[in-house]
Chemist: 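Input: one structure, supplied below.
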Amino acid sequence: MNIDIVNAGDVSVSASNTGGGALKVTASSGRLTVNAGNINADAGSVTLQANEMTLTGTVTGNGGVTLRPHALGLRITLGLGTDGLDFTN
């Protein structure tokens, strides 16, 4: 089974998809946080899409893990960067 979660603001998630389908989480205008509960898509794939992400928990998808900005053309930065997809831990 595929799971698709879309939120207009900040979203904090943990999820498990043991059926092996795709798991996609989108924060269209806020921060996406993978909390300490982790994300596990088993044999499926995981796509996380937001302009800011905090990865507190682990993300596992044996079908692949994709991290992408929501805004087209946004650079990827690490730490507390600006003007880009900002990853923090």
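All of these numbers come straight from a predicted model, not from anything done at the bench.
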Chemist: Supply the atom-to-atom distance Asn40 CG to Thr58 OG1, rounded to the nearest 0.5 angstrom.
Modeler: 7.5 Å
Chemist: Let me have the donor-acceptor pairs involving side chains of residues 15-28, under 3.5 Å, with sequence neighbours excluded, atom names and distances please.
Modeler:
residue	atom	partner	partner atom	Å
Asn17	ND2	Met1	O	2.8
Asn17	ND2	Gly21	O	3.1
Ser28	OG	Asn7	O	3.4

Chemist: Which atom pair, heavy atoms only, marks the closest approach of Ser45 to Gly63?
Modeler: CB-O, 3.8 Å
Chemist: Determine whether Asn2 and Asp4 make a side-chain contact, defined as any pair of heavy atoms from C-beta on separated by less than 4.5 Å.
Modeler: no
Chemist: For Leu32 versus Gln49, what's the shortest heavy-atom pair and its separation?
Modeler: CD1-O, 3.9 Å
Chemist: Under the criterion side-chain contact (heavy atoms from CB on, under 4.5 Å), which of Ile39, Ile3, Thr66 is the partner of Val46?
Modeler: Ile39
Chemist: About how many Å separate CG of Asp10 and CD of Glu52, when rounded to the nearest 0.5 Å?
Modeler: 8.0 Å
Chemist: Please give me the minimum heavy-atom distance between Val13 and Val11, naming the atom from each residue.
Modeler: CG1-CG2, 3.6 Å
Chemist: Any chain of hydrophobic side-chain contacts (each under 4.5 Å) joining Ile5 to Val59?
Modeler: yes
Chemist: Quick one: which of Asn35, Thr33, Thr56 gives a side chain to side chain donor-acceptor pair (under 3.5 Å) with Ser12?
Modeler: Asn35
Chemist: Out of curiosity, Met53 CE to Leu48 CG, how far, rounded to the nearest 0.5 Å?
Modeler: 5.5 Å
Chemist: Taking Asn51 for its side chain and Pro69 for its backbone only, find out whether a donor-acceptor pair lies under 3.5 Å.
Modeler: no
Chemist: So Thr54 and Arg31, side chain to side chain donor-acceptor pair (under 3.5 Å) or not? Walk me through it.
Modeler: CA-CA 7 Å; Thr54 300; Arg31 176 174 292 277; 2.7 Å; yes
